[in-house]
Participant: 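Quick one: this structure, given as structure tokens, is what I'll be asking you about.
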Amino acid sequence: MHDEPIDPFAGDPADPTNELADLDDGEPEESGDALTATEREDVLEDLADLEIYQALLTPVGVRGLVIECEDCHEPHYFDWDLLRGNLRHLLDSGRPRVHEPAYDPDPDHYVTWEYARGYADGVHDTLSEGDE
């Protein structure tokens with residue numbers, strides 16, 4: 001199982017991104033791209049939360065999360081694997097990936113971070129009540 005989406009051009013000598021590899025060695029640049037300790041901790045917490053949300057919400061038909069883009073003010077739909085890959089890329093490079101809206105997503109299958117957090121909290125509270 002892959003943590004990130006599979007690259008459709010992997011191993012292809014005609015990969016259109018080969019030229020980009022010469023521009024980026026994969027290391028954060030000195031121009032402030034490295035995450036601060038607090039930012040890194042926040043991303044690690046998001047990754048841990050994402051695992052919980054996926055485990056709880058996938059069985060009820062949720063495919064991922066919707067995030068309101070601060071740049072274009074449009075909702076962006078991310079399935080679980082893509083979002084996980086984006087967060088890991090942010091940890092590794094210090095920069096978010098360039099994003100594009102998903103192709104024709106069904107909004108009924110995506111929830112916000114806040115909804116997912118509330119759902120997880122509700123499940124936790126319900127299970128805690130059963131212990132008392």
Participant: I'd like to know whether V123 forms a side chain to side chain contact (heavy atoms under 4.5 Å, CB included) with T126, so could you lay out the CA-CA distance, the side-chain angles of the two residues, the decisive distance to 0.1 Å, and finally the verdict.
Facilitator: CA-CA 5 Å; V123 169; T126 300; 5.7 Å; no
Participant: For the backbone of L65 and the side chain of W80, can you confirm whether one donor and one acceptor N or O come within less than 3.5 Å of each other?
Facilitator: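 Here the side-chain-to-backbone pair does not exist.
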Participant: Applying side chain to side chain contact (heavy atoms under 4.5 Å, CB included), run through L91 and R40 and close with a yes or a no.
Facilitator: CA-CA 7 Å; L91 277 177; R40 185 169 184 75; 3.4 Å; yes
Participant: With rounding to the nearest 0.5 Å, note down the distance linking OH in Y53 to CG in D46.
Facilitator: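 Y53 atom OH to D46 atom CG measures 8.0 Å (nearest 0.5 Å).
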Participant: Please round to the nearest 0.5 Å and tell me the distance separating atom SG of C69 and atom CD of E74.
Facilitator: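 Those atoms lie 8.5 Å apart.
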Participant: Hey, what do you get for OG1 (T58) to CG (D79), rounding to the nearest 0.5 Å?
Facilitator: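 It is 10.0 Å, given to the nearest 0.5 Å.
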Participant: Partners of E39 by salt bridge (charged side-chain N to carboxylate O under 4.0 Å, His left out), sequence neighbours excluded?
Facilitator: none
Participant: How many angstroms lie between atom NE2 of H76 and atom CG of L82, to the nearest 0.5 angstrom?
Facilitator: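 Going from NE2 on H76 over to CG on L82, the span is 11.5 Å.
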Participant: Any idea which heavy atoms bring T112 and Y115 closest together, and the distance?
Facilitator: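 T112 and Y115 have their closest heavy atoms at OG1-N, 3.0 Å.
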Participant: For V66 versus P75, what's the shortest heavy-atom pair and its separation?
Facilitator: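 Closest heavy-atom pair between V66 and P75: CG2-CB, 3.6 Å.
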Participant: Is the side chain of H73 donor-acceptor paired with the backbone N or O of E68 at a distance under 3.5 Å, no angle test?
Facilitator: no
Participant: Verify, without hydrogens or angle tests, whether R97 (side chain) and H89 (backbone) share a donor-acceptor contact under 3.5 angstrom.
Facilitator: no
Participant: Please name the pair of heavy atoms, one in W113 and one in L83, separated by the smallest distance, quoted to 0.1 Å.
Facilitator: CZ2-CD2, 3.9 Å
Participant: What is the minimum heavy-atom distance between R95 and L90, and which atoms define it?
Facilitator: C-CD1, 3.5 Å
Participant: Go through the steps for R84 and L47 under the test side chain to side chain contact (heavy atoms under 4.5 Å, CB included), then give the verdict.
Facilitator: CA-CA 7 Å; R84 184 178 303 104; L47 278 167; 3.9 Å; yes
Participant: Quick check on H124: does its NE2 atom have over 12 non-hydrogen neighbours (other residues, nucleotides or ligands) under 6.0 Å away?
Facilitator: no
Participant: For the atom pair OG (S93) and CG (L35), what is the distance rounded to the nearest 0.5 Å?
Facilitator: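 Between S93 OG and L35 CG, I get 7.5 Å after rounding to 0.5 Å.
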Participant: Between V60 and Y119, is the side chain to side chain contact (heavy atoms under 4.5 Å, CB included) condition met? List the steps.
Facilitator: CA-CA 11 Å; V60 296; Y119 191 93; 3.9 Å; yes
Participant: Search all heavy atoms of A116 against all heavy atoms of L57 and return the closest pair with its distance.
Facilitator: CB-CD1, 3.7 Å
Participant: Starting at CD of Q54, measure out to CG of D49 and round the result to the nearest 0.5 Å.
Facilitator: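 So the CD of Q54 and the CG of D49 are separated by 13.0 Å.
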Participant: How close do I52 and A120 get, counting heavy atoms only, and between which atoms?
Facilitator: CG2-CB, 4.2 Å
